[in-house]
Structures are given as structure tokens and as C-alpha cells.
2 protein chains.
Amino acid sequence: MPRPLVDLLWRDSPSASAGGSRGPRARYSTGDVVARAIALADEGGLTAVTVRALAQSLEMTAMSVYTHVNSRDDLLVLMADHVYARMTSTPFGRAAWRTRVRRVADDNLALLRTHPWLLDVDDPRTALGPGTIAKYDHELRAFDGTSIGDIHRDAALTFVLDFVRSSASRIVTRPATGEFGELWEESVASLARYVGDDFALAQRVGRAAGEAMGGPHDAEREWAYGLDRVIAGLGDAISG
Amino acid sequence: MPRPLVDLLWRDSPSASAGGSRGPRARYSTGDVVARAIALADEGGLTAVTVRALAQSLEMTAMSVYTHVNSRDDLLVLMADHVYARMTSTPFGRAAWRTRVRRVADDNLALLRTHPWLLDVDDPRTALGPGTIAKYDHELRAFDGTSIGDIHRDAALTFVLDFVRSSASRIVTRPATGEFGELWEESVASLARYVGDDFALAQRVGRAAGEAMGGPHDAEREWAYGLDRVIAGLGDAISG
DNA sequence: GCCTGTGCTGTACGTCGTACAGGGTTTACT
DNA sequence: AGTAAACCCTGTACGACGTACAGCACAGGC
């Protein structure tokens with residue numbers, strides 16, 4: 001049985017226990033297994049990351065996966081921490097907090113674009129990993145130079161990252177599941193018969209927003225609008 | 001086989017087709033089935049809403065559920081629309097948009113508190129339901145009296161509701177899965193050995209935020225902070 | 001009267017995560 | 001050197017899940 005999750009997360013740490021060297025050497029390292037799982041997820045989403053599929057991708061039996069990882073849930077945590085650790089962060093330089101927050105947001109959106117499955121990983125144990133902690137430490141520094149308190153600093157970062165996550169969820173899943181499919185057309189058609197002239201406001205605004213979505217760069221426009229609101233809201237609390 | 005999802009959603013609409021009256025009468029109406037599913041979800045989360053469990057709760061066979069609903073995914077949409085339709089909304093009265101937004105946020109938080117499983121329902125087809133549309137129509141009116149454009153009005157509401165959803169997710173899942181469990185204690189203990197004195201900022205802020213969570217009313221404090229940021233951010237775009 | 005649409009059921013398939021019991025291989029200890 | 005422990009890997013199997021399919025019984029329209 002593998003080591004507990006925390007030790008697997010910190011397997012590259014200098015203070016990690018070497019681990020008994022008895023028995024045959026593993027054909028793959030923990031990092032290999034996690035990397036292959038990430039490749040599967042990038043290609044087919046989290047539903048493609050089944051123990052059996054991962055095993056086949058590694059030319060092992062399903063049960064052999066459990067030599068490297070305690071459970072599928074643990075694997076997801078390892079995957080998330082892996083991409084967090086290797087995330088490219090735009091350096092803050094001497095920029096003020098507003099541009100720093102913009103960079104944090106943009107970097108996180110980019111990450112979620114390349115690894116959309118991150119949106120489906122919601123395990124608090126991710127916070128135990130070195131990648132997550134390093135990311136947290138770095139992003140907290142976006143508010144360096146302000147007089148924000150510790151608790152508010154955490155809350156502010158959470159506020160930013162929550163916004164990114166929500167927006168990314170809409171941005172990422174739209175083109176895939178998008179408005180297409182004939183079944184959707186039929187649904188909208190019969191929906192129109194039901195609503196009739198009721199909910200006039202909802203219809204007008206919904207149509208306007210929907211048509212804008214068809215436009216060229218509107219996902220970016222909505223992103224920009226939201227991010228402006230986030231920063232304006234924080235500005236109200238930070239630097240007056 | 002049941003009618004398509006849109007027709008099930010609008011089953012109480014006057015323009016709904018009566019439906020053939022041939023064959024034995026159903027022992028339960030669609031509303032009954034949905035209501036029982038919601039009861040199961042309120043009690044045990046979405047994972048408790050299995051077709052078999054729902055069937056047993058209705059004293060039917062598993063397959064009989066499919067007489068009323070086309071699939072489990074459709075059922076989830078019906079459940080969501082049901083609670084949206086019956087959601088209690090604090091009337092706006094003559095309040096200004098800021099207090100209206102506060103009421104929208106509070107009402108939605110209350111709804112997510114009583115039905116936490118709503119956080120796990122993420123199906124775009126929910127937008128086809130009368131409850132969702134009515135809710136959308138009502139909440140859009142929070143910005144009545146402002147000079148906001150249609151697209152921005154939609155974006156602003158989305159911004160508010162996304163914040164509520166993220167915050168509610170943290171508020172709701174904390175006490176249940178909370179910091180308890182001896183396995184978590186062990187993890188944190190060995191984590192401390194790995195981090196050592198690195199990531200000083202993350203440790204300091206994380207500890208401050210973590211300890212505040214243990215406090216009496218801190219979930220409310222974080223909620224208030226975020227909601228203030230949301231409204232301040234919107235204020236920057238609406239009424240300058 | 002029959003036909004047709006409807007509610008309900010029993011059986012069964014494929015997929016999932018994973019418990020359990022081994023077997024082979026390498027190192028550590030006596 | 002011999003033994004035991006630790007380790008990687010495998011095969012089989014279980015219980016849960018959603019649901020396809022075929023068939024039954026019942027009610028109304030012709």
C-alpha cells in the first residue's frame with residue numbers, strides 16, 4: 001500500500017522519507033502516474049480518468065494503479081497539485097496591487113483553459129500540497145504594499161479566485177457543449193410557445209446577452225467586465 | 001416514455017398539452033416524483049438521489065421511475081427548477097439597487113443553505129424551466145431605476161449570483177466535512193514537518209484565516225466582506 | 001370488439017471504484 | 001547463507017450505478 005496522501009504530495013521534498021527500498025523497483029514513479037492521468041484528463045476530462053483507463057495507458061492492470069495511489073480521489077488531488085506547482089505565474093515586478101491582481105486572474109484563467117478538469121476537482125485536501133501552498137503564497141503577495149490585514153488578505157484573494165473559477169467555468173464549457181445540437185433547437189422552439197409574452201424583461205435581456213455571446217470576442221468582454229468589478233470592489237476596501 | 005424535458009418543466013402551464021389519457025392512471029404525478037427526489041437530496045445530497053433509492057421511496061421498481069422522467073439528469077433539472085419556482089424572494093419595494101442586490105444575494109444564500117445539492121446541479125438546460133426564468137426575471141429587476149444596459153444587466157446579475165454560489169459552497173460544506181476527523185489531524189501534523197519555515201506569508205495568513213474560521217460568526221463575516229466588494233464593484237460601474 | 005397508448009415490472013448489460021488473496025522479486029537482518 | 005520482511009503487480013470478484021429491452025396489465029378511442 002502506498003504512503004499516505006500528504007507524503008505523496010511532498011514526495012519531492014528533501015525532508016521526504018526515502019521509503020523502503022525492498023522489493024522490485026516500480027516501473028513508474030508516482031510522478032509518471034500523475035502525469036499520465038493529467039494527459040488523460042486534458043484530453044477527455046475527468047470522466048476519462050478512470051482507474052482502468054489509466055492502468056491501460058500505463059500498461060498495467062487496474063489494481064496495479066493502487067500500488068501508486070491510495071484511491072482515485074487521492075489521484076485527483078495529486079493531479080491538481082501537480083499543475084499548480086508547474087503553473088506559470090507572471091512576475092509581479094514593481095506593479096501596484098491592481099495590476100498584480102489582474103495578473104493573478106489572467107494566469108489562473110490561462111491555467112483553467114489548459115486544464116478545464118481543474119474546475120471539477122473540489123477536494124479540500126488539495127490545500128495540503130506544495131504546489132497549492134506555493135501558489136497561495138505567491139498570490140497573497142499581490143496585496144503586498146497595501147495595508148490590508150491578514151484575514152482580509154485571504155478573503156480578498158479568495159474573492160478574486162472565486163470569480164476566476166466561475167467565469168472560467170462559463171468560458172470553458174461554452175464552446176464544447178454550446179448552443180448547438182438539434183435537440184436544443186427543438187427545446188428552445190417549444191419553450192418559446194410556453195413563455196409567450198410573459199417575462200418580457202427576462203426575454204429582452206436574455207436575448208441581448210445571448211446574441212452577444214454569438215459575437216466575436218464576447219467571452220473576453222464579459223471577463224473584462226467582471227474583472228473590472230472585482231478590482232473596483234477591492235479598491236473600495238484597500239486603497240480608498 | 002415521458003414527454004421531453006421542456007414539456008415536463010412546463011407541465012403546470014395552461015398551454016401545456018393535456019397528454020393522452022389512455023392507460024392506467026399514474027400512481028404519482030411528475031411533481032410528486034420530483035418532490036420526493038428533492039426530499040432525498042435535502043437529506044443526503046445528490047449522491048442519495050439514485051434511481052433505485054427514489055424508486056424505493058416511491059414504492060416502485062427502479063425502471064418505473066423512467067415512466068415519469070427520461071433520465072436522472074433530466075430529474076436534476078426538474079428538481080432545480082422546482083425549488084427555484086418556490087423560492088421566497090424578499091420583495092424589492094422602493095429600495096435602491098444596492099439593497100435590492102443585497103436581498104437577491106441573501107435570498108439565494110438562504111436557498112442554497114436549505115438545498116445545498118443545488119451547488120452540484122450544473123446543467124444549462126435548467127434555463128429552460130419556468131422557475132428559473134421567473135427567478136431570472138425577478139432578479140434582473142434589482143437594477144431597475146439604474147441606467148444599466150441590457151448586456152451589462154445580465155453580466156451584473158451573473159456576477160452577483162456567481163459570488164453567492166462560490167461563497168455558499170464554502171459556507172455550506174464547511175461544517176459537514178469540516179476540520180474534524182483524526183486523519184486530517186495527522187495530515188496537518190506531517191504537513192507541518194514538510195513546510196517547516198518556508199512559505200512564511202502563506203502560513204501566517206493561512207493560520208489567521210483558519211483560526212478566524214473557528215470563531216463564532218466568521219462565515220458571516222467573510223460573506224459580508226465579499227458582498228460588500230460585489231456591491232462596491234458594481235457601484236463603480238452603475239451609479240459612479 | 002379490437003387497437004393503441006400508457007403505467008409498471010423483471011432481467012440484464014456495461015461501467016465504475018476497489019476489497020481481497022495471492023505470487024514473484026528484491027533488500028535487510030540474523 | 002538463509003530467512004523474513006517489504007514491496008510491486010496481478011486475477012477475480014463484489015456491490016453500486018444508470019438504463020436498454022421485452023413484456024405484462026390496464027384504460028380509453030375507434
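In the text below, chain A, chain B and the rest are named by the order of the sequence lines, each starting its count at 1. Everything numeric in this text was worked out from a predicted model, so none of it was measured.
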Query raised in the report: Are a donor atom and an acceptor atom from the side chains of B:D107 and B:S89 found within less than 3.5 Å of each other?
Result: no
Requested in this report: Examine the side chains of A:R36 and A:S57 and answer whether a donor and an acceptor come within less than 3.5 Å of each other.
Outcome: yes
Requested in this report: Measure the shortest side-chain to side-chain distance between B:M79 and B:V121 over non-hydrogen atoms and say whether it is less than 4.5 angstrom.
Outcome: no
Requested in this report: State, with a plain yes or no, whether a side-chain heavy atom of A:Y28 is found less than 4.5 Å away from one of A:V65.
Outcome: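 Not touching, per the 4.5 Å side-chain cut-off.
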Is the distance from OP1 or OP2 of [N] to the nearest side-chain N or O of [X] less than 4.0 Å?
X: A:R27; N: D:dC8; value: no
X: A:R72; N: C:dG17; value: yes
X: B:T61; N: C:dG10; value: yes
X: A:S21; N: C:dA28; value: yes
X: B:T50; N: D:dC17; value: yes

Query - Position toward the 5' end of DNA chain D (nearest nucleotide), B:R25 or B:N70 - result: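 Mapping each residue to its closest nucleotide by heavy atoms, the 5'-most match is B:N70.
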Query - Residue whose nearest DNA chain D nucleotide is more 5′ - B:A62 or B:P24 - result: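 In this pair, the answer is B:A62.
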[atom1] of [X] versus [atom2] of [N]: gap in Å, rounded?
X: A:Q56; N: C:dC16; atom1: CD; atom2: C1'; result: 15 Å
X: B:L58; N: C:dG7; atom1: CG; atom2: P; result: 14 Å
X: A:R22; N: C:dT27; atom1: CZ; atom2: P; result: 11 Å
X: B:D32; N: C:dC8; atom1: CG; atom2: P; result: 11 Å
X: B:L54; N: D:dC17; atom1: CG; atom2: C1'; result: 14 Å

Query raised in the report: Pick the nucleotide of DNA chain C nearest each of A:G23 and A:Y66; which residue has the one closer to the 5' end?
Result: A:Y66
**Report entry** 5′-ward residue of the pair A:S71/B:M63 relative to DNA chain C
**Finding:** B:M63
**Report entry** N/O donor-acceptor pair under 3.5 Å between B:W223 side chain and B:D106 backbone
**Finding:** no
Query raised in the report: Looking for any heavy atom pair under 4.0 Å, which part of the strands does A:M1 touch: base, sugar-phosphate only, or nothing?
Result: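 Result for A:M1 = nothing.
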